[in-house]
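Down below is the structure, laid out as structure tokens.
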2 protein chains.
Amino acid sequence: MGIDRSDMLPVYLQLASVLRQQITAGVHRPGAALPSEDGIGRVHGVGRMSVRRALDVLRHEGLITTERGRPAVIRTHPERTFVELAGVDRLVARMPTHEQARHMRIQVGVPLLEVHRADGSLETYPADLFGACGTPRT
Amino acid sequence: MGIDRSDMLPVYLQLASVLRQQITAGVHRPGAALPSEDGIGRVHGVGRMSVRRALDVLRHEGLITTERGRPAVIRTHPERTFVELAGVDRLVARMPTHEQARHMRIQVGVPLLEVHRADGSLETYPADLFGACGTPRT
DNA sequence: TACTATTTGTTCGTATGTATA
DNA sequence: GTATACATACGAACAAATAGT
């Protein structure tokens, strides 16, 4: 359960696994705040650097959000809207660049959906709010 | 073009933008290696910590891959296979956990595609090798 | 309003380990 | 075996945002 210094796995990945399990197990609920970085470090006996790297992992997995001045918060999962794909339409998913994310107000750890329509047009959606489905047969 | 210490934007994000533009502009080609971290730091007059954080940004955007002992490499974009979606099928994209990525051999910065079929089955695909399309009308 | 304490964000330095060439 | 280069992990200092007094 705790941090094993003799383990080959890096400390920050071990800590990330511990925190991830706590989150998925419901020890921390969506919308709730995690303990402070110093607090987490004291509890597990690791430096702040390792705590921050562990939180980086969880943030890039889309599990938490962080803001300056306040502890990390478990991300809540909003309802998704599903975009219809016709047979010729093509959907690809990739991570947005930092500048695209800033411009489109996409949070860290959220993929970008690109829908290339048959007419050549391109639509982009944040993957935490949108998904895709096929066209229903009429 | 260079790093502006008076700019509000953090050094590592400025450096990430510079390197990203060099990559997209073709200064560095896909498959080619970037200069070493120390080299990049000397050229732009920043510490190795800032260089590593900039490379972290680019790695999580899916632009580069890094391996211990060798300089960062511009990622090449392989051909995508497109999975068909029927009307009732649902596709969502999210980032895999670090453990899922290890298990499925998904590289950093690559989203995971989850296809929830009408029969309740779940298929998962790495988003750098797979996309989605609708069912063609017969 | 203003001040203070807490907390996260950025940047530096140093040391050690490990993989590559 | 040596040199280069990336990965991990510690500490330290300061900036900036938050929250409570």
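Throughout, a chain's letter reflects where its sequence line sits, starting with A, and its residues are numbered from 1.
Of the possible donor and acceptor atoms, none in the side chain of A:Arg52 sits under 3.5 Å from a partner among the backbone N and O of A:Gly47. In terms of modelled atom types and a separation under 3.5 Å, the side chain of B:Asp89 and the main chain of A:Cys133 share no donor-acceptor contact. No donor-acceptor pair under 3.5 Å is formed between the side chain of B:Glu99 and the backbone N or O of A:Ser17.
With rounding to whole Å, A:Arg5 atom CZ is found 14 Å from D:dT8 atom P. For the pair A:Ile3 CD1 and D:dT8 P, the computed distance is 14 Å after rounding to whole Å.
Scanning residues 36-59 of chain B for heavy-atom distances under 4.0 Å to DNA chain C yields B:Gly47, B:Met49, B:Ser50, B:Arg53. Contact check of residues 8-21 of chain A against DNA chain C (heavy atom, cut-off under 4.0 Å) returns no residues at all.
For A:Arg53 and A:Asp56, the salt-bridge test fails: no basic side-chain N is under 4.0 Å from an acidic carboxylate O.
Between B:Arg68 and the phosphate of C:dT20, there is no side-chain N or O to OP1/OP2 separation shorter than 4.0 Å.
One hydrophobic cluster holds both A:Ile40 and A:Ile74 under the rule that ILVMFWY side chains link at heavy-atom gaps under 4.5 Å.
Classified by interplanar angle (parallel below 30°, tilted 30° to 60°, perpendicular above 60°), the ring pair A:Phe130/A:Tyr125 is tilted.
When each of B:Gln100, B:Arg105, B:His98, B:Met104 is checked for a side-chain contact (heavy atoms from CB on, under 4.5 Å) with B:Arg102, only B:His98 meets the rule.
The side chain of A:Arg70 has D:dA19 as its nearest neighbour among D:dA19, D:dC10, C:dT8.
As the counterpart of D:dC6, C:dG17 is assigned, both hydrogen-bonding distances of the Watson-Crick or G-U wobble pattern falling under 3.5 Å.
A donor atom on one side chain and an acceptor atom on the other are not found under 3.5 Å apart for B:Asp38 and B:Ser36.
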